[in-house]
Amino acid sequence: MSICTQHMVISILRKNSNRTVSVSTRHAKQLHAHVVKIKGISNEDNILVLSLYSNLNLLHYSTRLFNSLPSPPPPLAWSSLIKCYTSHSLLHLSFSSFNSMRSLGLPPNPHVFPSLIKASTLLKHAKLACSLHASTVRLGLDSDLYIANALINMYAKFHSFNVNTNAGNVFDHLSLTGKSEIHSVRKVFDMMPVTDVVSWNTVIAGYAQNGMFVESLDMVREMGKNGILKPDSFTLSSILPIFAEHVDVYRGKEIHGYAVRNGFDGDVFIGSSLVDMYAKCNRLEDSLCAFYLLPRKDAISWNSIIAGCVQNGEFDRGLGFFRLMLKENVKPMPVSFSSVIPACAHLTALNLGKQLHGCIVRIGFDDNEFIASSLVDMYAKCGNIKIARYVFDRMEKRDMVAWTAIIMGCAMHGHALDAVSLFENMLEDGVRPCYVAFMAVLTACSHAGLVDESWRYFNSMERDFGIAPGLEHYAAVADLLGRAGRLEEAYDFISNMGVQPTGSVWSTLLAACRAHKSVELAEKVVDRLLLIDPENMGAYVLMSNIYSAARRWKDAARLRIQMRKKGLKKTPACSWIEVGKEVHTFMAGDKSHPYYDKINEASNVLLEQMEKEGYVLDTNEVLHDVDEEHKRELLHNHSERLAIAFGIISTTAGTTIRVIKNIRVCTDCHTAIKFIAKIVGREIVVRDNSRFHHFKNGSCSCGDYW
DNA sequence: GTAGGGTTAG
């Protein structure tokens, strides 16, 4: 076989290498056998075959062939070997091979540098990377196309990893600020006498991954202008996430169109970006289409569709895709778990969440920050703050998301002081709080009535951290003032806040007016509320309840008639409990459960015992104009009472009972559940729409402030 | 010999 034919074969094999590795591998071995058979073992041919093996990433064959070469192997053989080590992430072997090569007296050749630069990038070893850059400068190789491309990638990656190259950066004299990596990217690019599509794509991706979207898109436009280079599938997959982030489905669609016209739409990278882009633009159906149309799906395509479903609130669908992924024998990645666990959190599926946690530990993903954060949140949202704290405490590295998850968890469970001290610990750890972290700590303050702390944090947001308070922060402070009974102050605060209040901000004040029995202010609030949000049925219900509590039945009825005219319906109260593998749902006064008679019987026995212990019915909570006996029945049939009674009769003694309710627990039920927990000697955890209540031994974790 | 996609807290 002539060298010419071999080059042809190699180039064909290279073209095929991405598609059918096994076929190419077979061809490579055939070629090797052929060479040996026809010409015997010649060194030159062996080196050619070695470069073929290394191109196909066949580590085993490459090292075996390399070791069979007579010493010292020529530079080309070394560069093939080093390339192979780098692509197998055997980075230390890359460098030790380079050292061996140097110690044999071989000069460094241009071909080894790209692999070494890549290895130092993967190692995040800035000093090594910079000294390699310096070496290429000394050797006059820093403008070599391949070396410069590797350098661009290196600086771009270090910029995103936040790895500082200042100490040894060859552009040191140019750097005025502490962060010059992204400038070095441009610097290397601008110095290149010749660039190719890889150079452009590397800069474009570098900008895109560092949030420099304008610069990235400008480069794409410029690239199209020069007429020789055209955006390819790499370019597109780098810029699609920009439109996902900006929720710009129109421009995203334009790129989709360009991809179809240029035959890139079957590319699995583009496909996954499209799945993600449509999902992030709230177009789940388009996202699903893009997913189903993919000719080949890899683990990342599956991750994208799972995350897409979960982010769009389609939790069961997300879980379904996760199961399907496993069924199709696609190995889940850490991202698969961090995408699917929030679905368990939202569905309060504690058992499923625990099963997934088990998988995570078995696979060995439990040290992943993203997964750990999602687990902390999941356990907290499923009512198990202890395990949430355990997972958090075991985390080696805690980023702002992890801190926020545990602080919010503590807030939801009424552990306000823990939340506040965790927030302080976070600051001591040098982790800068973000918008959401302030939401968490302010929520904690509001759930516990910590007015002074709340003001302190609220005021420090903008002053110390440059974060402008948003609706959620104002809402938390307003809620706190209202619940502390400082109704007028809350009213003024909302009227003068920096952003337009929403109906829900006024709603919290309306609820506070109800709790503090201020009909007059409530009327003012409801006017403001309905001005912004005329269809807010919660406002009608609350106001009508406030009138009822003040025994102004006519006013209450007037509002209910208005509601009916507008066609607004109250969301029915509903509670649910997981027993065994089943979720049992109860509505207020619901007699449909197959065990209703038993539930009712247990409920009555409990009531007798409760009354003996001193429980007195609080009929203020019944807001219908009905007689006392009817009120009694209405209260005892509140959905959470039914769910708890069912939990008691269908689980073994001592088991914690976990109930979820879609609206807030009423005062009477809150009192009643404290008695029940004591009588049956169990912990009862109730999650309503804003927080958790842990009832144990006659008291509740919220300290009756909620 | 070089380059590219996905993820987490409210």
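Per chain, numbering begins at 1; letters A, B, ... match sequence-line order. Note that the coordinates shown come from a computational prediction; the quantities given were computed from them, not determined experimentally.
With rounding to whole Å, A:Ile270 atom CD1 is found 18 Å from B:dA3 atom P. For A:Trp302 and B:dG5, the CH2 to P distance is 22 Å, given to the nearest whole Å. Summarising the geometry, the separation between CG on A:Leu122 and P on B:dT2 is reported as 12 Å, rounded to the nearest angstrom. The CD1 atom of A:Ile152 sits 15 Å away from the C1' atom of B:dG1 (whole-angstrom rounding). Separating the CH2 atom of A:Trp200 from the C1' atom of B:dG4 is a distance of 17 Å, rounded to the nearest angstrom. Following rounding to the nearest Å, A:Tyr146 (OH) and B:dA3 (P) show an atom-to-atom distance of 11 Å.
Residue contacts for A:Ser338: at a heavy-atom cut-off of 4.0 Å it reaches a base atom on one of the strands shown. Within the nucleic acid shown, A:Asn368 has no heavy atom closer than 4.0 Å to any nucleic acid atom. Using a 4.0 Å heavy-atom distance criterion, A:Ser374 is classed as making no nucleic acid contact. Residue A:Tyr435 is in base contact, counting any heavy-atom pair closer than 4.0 Å across all strands shown. Nucleic acid contact class of A:Thr202 (heavy atoms, under 4.0 Å, all strands): sugar-phosphate only. A:Val268 comes within contact range of at least one nucleobase, with a heavy-atom separation under 4.0 Å. Backbone-only contact: A:Pro241 has heavy atoms under 4.0 Å from sugar-phosphate atoms and none from a base. A:Asn201 comes within 4.0 angstrom of a nucleotide base, judged by non-hydrogen atoms across all strands. If you check every strand for non-hydrogen atoms under 4.0 Å, A:Ser233 touches a base.
Which of B:dT7, B:dA3, B:dG1 sits closest to the side chain of A:Val335 comes down to B:dT7. Picking from B:dT2, B:dA9, B:dG5 the nucleotide with the shortest atom distance to the side chain of A:Met400 gives B:dA9. For A:Phe370, taking side-chain heavy atoms from C-beta onward, the closest of the listed nucleotides B:dG1, B:dG4, B:dT8 is B:dT8. Listed candidates were B:dA3, B:dG1, B:dT7. Nearest to the side chain of A:Ser80 is B:dG1. Minimum atom distance to the side chain of A:Pro342 is reached by B:dT8, of the listed B:dT8, B:dG1, B:dG5. For A:Pro110, the listed nucleotide lying nearest its side chain is B:dG1; candidates were B:dG1, B:dT7, B:dG4. Comparing B:dG5, B:dT7, B:dA9 by their closest approach to the side chain of A:Ser272 singles out B:dG5. Ranking B:dT7, B:dT8, B:dA3 by closeness to the A:Asp276 side chain, first place goes to B:dT7.
Side-chain atoms of A:Asn384 and A:Lys354 form no donor-acceptor pair, as typed in the model, at a separation below 3.5 Å. Under 3.5 Å, the side chains of A:Trp200 and A:Thr195 contain a donor-acceptor pair of N or O atoms. Side chains of A:Ser374 and A:Asp377: no donor on one and acceptor on the other come within 3.5 Å. Side-chain N/O atoms of A:Thr86 and A:Ser94 include a donor and acceptor closer than 3.5 Å.
Applying the 3.5 Å distance criterion, the base of B:dG5 shares no donor-acceptor pair with the side chain of A:Asp267. One N or O donor and one acceptor, one from the side chain of A:Asp144 and one from the base of B:dG1, sit under 3.5 Å apart.
A:Met408 contributes atom CE, which lies 9.5 Å from atom CG of A:Leu442 (distance to the nearest 0.5 angstrom).
Proximity of A:Lys118 to the phosphate of B:dA3: a side-chain N or O atom is located under 4.0 Å from OP1 or OP2. Applying the 4.0 Å criterion to OP1 and OP2 of B:dT8, one finds that A:Gln311 has a side-chain N or O inside that range. Between A:Lys397 and B:dT8 there is no side-chain N or O to OP1 or OP2 distance below 4.0 Å. For A:Asn153, a side-chain nitrogen or oxygen approaches OP1 or OP2 of B:dG4 to under 4.0 Å. Neither OP1 nor OP2 of B:dG5 sits under 4.0 Å from any side-chain N or O of A:Lys297.
Applying the 5.5 angstrom centroid cut-off and the 30 degree plane-angle cut-off, the aromatic ring of A:Phe113 is not stacked upon the base of B:dG1.
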If you look only at distance, which donor and acceptor atoms sit under 3.5 Å apart when one is on a side chain in residues 73-82 of chain A and the other is two or more places apart or in another chain?
| from | atom 1 | to | atom 2 | distance (Å) |
| --- | --- | --- | --- | --- |
| A:Trp78 | NE1 | A:Pro73 | O | 2.9 |
| A:Ser79 | OG | A:Leu76 | O | 2.9 |
| A:Ser80 | OG | A:Leu76 | O | 3.1 |

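Every residue two or more places apart in sequence or in another chain that forms a side chain to side chain contact (heavy atoms under 4.5 Å, CB included) with A:Pro114 is listed here: A:Tyr146, A:Ile147, A:Ala150.
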